[in-house]
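Please read the structure below before turning to the comments.
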Amino acid sequence: MMSKKQTIEALDLIAEMFPDAECELTHSNPFELLIAVVLSAQCTDALVNKVTPGLFAKYKKPEDYIAVPLEELEQDIRSIGLFRSKAKNIKKLSQALLEQHNGEVPKTREELVKLAGVGRKTANVVTSVAFGVPAIAVDTHVERVSKRLGICRWKDSVKEVEETLMKKIPKERWSDAHHQFIFFGRYHCKAQSPQCDTCPLLDRCREGQKRMKAREGK
DNA sequence: AACTCGGGGCA
DNA sequence: TGCCCAGAGTT
């Protein structure tokens, strides 16, 4: 397991690789971000960004999502997959914003996770990106990278990964680290092709060392 | 903890 | 054409 010091050193190297890492979901206000992150569950940000410009031109406020028939909203987001449940969630979520939050996006994780289609990851992205609250949203990239590097244990749950990262990374770096890990996982340490050969973290990476030894053994 | 939902992108 | 992508909700 990486110590706190080792974790920060690894993070520094990743930050050098992706100094401009930031949220890639197209949005221009907290409500658009919330919708975009809900849509991004189980699909890529690039795919979400294909539908959101048209979607946000048509739907500006929670009322707009409520006004339209479910089938119409389903068709508007059909290309991203899982569109039936996502359309239902967005209508429910819009209703809740109107009835319980004056049509505004709530600013706390506790309130956000009560919304339909909003889980731990989505809530953390919204609070950190829209409201500047320090947070580490653990998606599959963050989880995979943290486990490969040895920052946390392979068997850790998403919640345990998040708690470990918060312990080992200074709070003022949580939000930047979150995006840097995501970029590292998405563009370099990919699920099927980690690109260990060109990785600056190879000598300090648990999984990378294991892979190199396995290759030499052949 | 395991299962389900789903179309797009790429080999 | 079949594998890979990548969270929330339910049981």
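Just so we're clear, the structure is a prediction, and the values are computed from it rather than from any experiment. Side chains included, hydrogens not; waters and symmetry mates left out as well; all remaining heavy atoms used.
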Counting only side-chain N and O atoms of [X], is one of them less than 4.0 Å from OP1 or OP2 of [N]?
| X | N | answer |
| --- | --- | --- |
| A/Lys86 | C/dA8 | no |
| A/Thr44 | B/dG8 | no |
| A/Gln42 | B/dG8 | no |
| A/Arg84 | B/dG6 | yes |
| A/Thr140 | C/dC5 | no |

Query - A/Gly117 or A/Ala191, whichever maps to the more 5' nucleotide of DNA chain C - result: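 By nearest-heavy-atom nucleotide position, the 5'-most residue is A/Ala191.
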
Give the rounded distance in Å between these two atoms: [atom1] of [X] and [atom2] of [N].
| X | N | atom1 | atom2 | result |
| --- | --- | --- | --- | --- |
| A/Lys88 | C/dT10 | NZ | P | 11 Å |
| A/Lys159 | B/dA1 | NZ | C1' | 16 Å |
| A/Phe181 | C/dA6 | CZ | C1' | 19 Å |
| A/Asn49 | B/dG8 | CG | C1' | 14 Å |
| A/Lys190 | C/dC3 | NZ | C1' | 16 Å |
| A/Arg186 | C/dA6 | CZ | P | 7 Å |
| A/His141 | C/dA6 | NE2 | C1' | 7 Å |
| A/Asp45 | C/dA6 | CG | C1' | 10 Å |

Report task. Please check if the distance between the ring centroids of A/Phe31 and A/Tyr65 is under 6.0 Å. Result ->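 Here the rings of A/Tyr65 and A/Phe31 have centres that are less than 6.0 Å from each other.
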
Mind checking [X] for me? I need base, sugar-phosphate or nothing, with any heavy atom below 4.0 Å counting as a touch.
| X | answer |
| --- | --- |
| A/Val38 | nothing |
| A/Ile80 | base |
| A/Asn89 | nothing |
| A/Ala46 | nothing |

**Report entry** Salt bridge A/Lys58-A/Glu72, side-chain N to carboxylate O under 4.0 Å
**Finding:**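 Result for this pair is yes, salt bridge flagged.
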
Report task. Report yes if some heavy atom in the side chain of A/Met17 is under 4.5 Å from a heavy atom in the side chain of A/Leu201; otherwise report no. Result ->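 A/Met17 vs A/Leu201: side chains touch.
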
Query - Side-chain heavy-atom pair A/Thr52, A/Ile35 within 4.5 angstrom cut-off - result: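 Not touching, per the 4.5 Å side-chain cut-off.
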
Query raised in the report: For DNA chain B, whose closest nucleotide is more 5', that of A/Ser157 or that of A/Lys50?
Result: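 That would be A/Ser157.
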
Query raised in the report: Between C/dA8 and B/dG8, how far is it from one P atom to the other, in whole Å?
Result: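 That atom pair is separated by 22 Å.
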
**Report entry** Nearest-neighbour nucleotide for the A/Arg144 side chain, B/dG6, C/dA6, C/dA8 considered
**Finding:**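 When the side chain of A/Arg144 is considered, C/dA6 is the closest of B/dG6, C/dA6, C/dA8.
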
Query raised in the report: Considering only side-chain heavy atoms of A/Leu47, which listed nucleotide, C/dG7, B/dG9, C/dC4, is closest?
Result: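 Nearest nucleotide to the side chain: B/dG9.
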
**Report entry** Distance-only side-chain donor-acceptor flag, A/Gln75 / A/Glu71, under 3.5 Å
**Finding:**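 No, no side-chain donor-acceptor contact under 3.5 Å.
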
Report task. Output yes when a side-chain donor or acceptor of A/His27 lies under 3.5 Å from a complementary backbone atom of A/Leu25, and no otherwise. Result ->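 Indeed, once roles are kept as given, a pair shorter than 3.5 Å links the two residues.
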
